[in-house]
Amino acid sequence: MPTITIQGEEFEIRLPAQFAPKEELLFAMSEAGDRMAARLRVYAAMIGLCTDIGPRAKLDYTASRFDVLAYGGAVYGLLRENGVEPEQIVDLAGPIHQALLGAVFPREGEVRKRASFFVPKPVP
């Protein structure tokens with residue numbers, strides 16, 4: 001799995017095992033639209049849920065009642081208190097965001113490879 005480096009420390013990217021949190025992160029990003037404060041919270045939530053930064057800091061997604069923005073706000077605060085700049089948060093979340101997109105919305109070719117039920121239509 002790929003890693004991200006925060007303040008000189010490397011963290012492995014591990015997507016949540018369950019589908020729901022992965023989808024919730026992507027939906028929250030979509031709902032954030034152009035609101036940069038909301039987008040930063042979602043990016044921070046991605047970092048917290050997809051690395052061990054959140055658990056290490058005892059930040060619990062379930063305690064936020066599965067509210068991505070509330071959880072992301074806690075992670076954002078933690079990152080900022082440790083000297084991580086907003087632009088870095090965006091950059092750090094990039095590979096996580098891509099991994100989430102691939103996990104939630106697989107490409108057609110990947111689906112074809114894995115799906116035994118797929119029968120292509122004949123070309124006229």
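Starting from 1, each residue takes its place in the sequence as its number.
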Going by atom types only, do Thr3 and Glu12 share a side-chain donor-acceptor pair under 3.5 Å? no
How far does SG of Cys50 sit from CD1 of Ile4, to the nearest 0.5 angstrom? 9.0 Å
Are Val68 and Tyr61 close enough, and set up right, to give a side-chain contact (heavy atoms from CB on, under 4.5 Å), and what steps lead you there? CA-CA 8 Å; Val68 172; Tyr61 184 53; 3.4 Å; yes
Taken to the nearest 0.5 Å, the spacing of Leu92 CG from Leu79 CG works out to 8.0 Å
Between Phe11 and Ile53, does the side-chain contact (heavy atoms from CB on, under 4.5 Å) criterion hold? Intermediate values first, please. CA-CA 8 Å; Phe11 295 90; Ile53 289 173; 3.5 Å; yes
So which heavy atom on Val75 is nearest to which on Ala44, and how close? CG1-O, 3.2 Å
Quick check: closest heavy atoms across Phe19 and Ala103, and the distance to 0.1 Å? CE1-O, 4.3 Å
What distance separates Leu100 CG from Ile13 CD1, expressed to the nearest 0.5 Å? 9.0 Å
Rounded to the nearest 0.5 Å, the NE2 atom of His97 sits from the CE atom of Met46 at a distance of 4.0 Å
Evaluate the criterion side-chain contact (heavy atoms from CB on, under 4.5 Å) for residue pair Gln88 and Asp91; output intermediate values, then yes/no. CA-CA 5 Å; Gln88 291 173 289; Asp91 290 341; 5.5 Å; no
Is any NZ, NE, NH1 or NH2 atom of the basic residue among Glu31 and Arg39 found under 4.0 Å from an Asp or Glu carboxylate oxygen of the other? no
Roughly how far apart are Leu25 CG and Leu15 CG, rounded to 0.5 Å? 9.5 Å
When you measure from the side chain of Arg41 to the backbone of Leu69, do you find a donor-acceptor pair of N or O atoms at a distance under 3.5 Å? yes
Looking at every non-hydrogen atom in both residues, tell me the closest pair between Asp67 and Ala70 and how far apart they are. OD1-N, 3.1 Å
I need the Asn82 CG to Ile6 CD1 distance, nearest 0.5 Å. 9.5 Å
Pair listing, salt bridge (Lys or Arg N to Asp or Glu O under 4.0 Å) test, anchored in residues 17-27, at least two apart: none
Any Pro86 side-chain heavy atom under 4.5 Å of Tyr43 side chain: no
Would Val104 end up clustered with Phe27 when hydrophobic side chains under 4.5 Å apart are linked, directly or stepwise? no
Where is the tightest heavy-atom contact between Tyr71 and Ser64, given as atom of each residue plus distance? CB-OG, 3.6 Å
Looking at Ile89 and Ile47, what are the two nearest heavy atoms and their distance? O-CD1, 3.8 Å
Would you please name every residue forming a salt bridge (Lys or Arg N to Asp or Glu O under 4.0 Å) with Arg80, sequence neighbours left out? Glu85
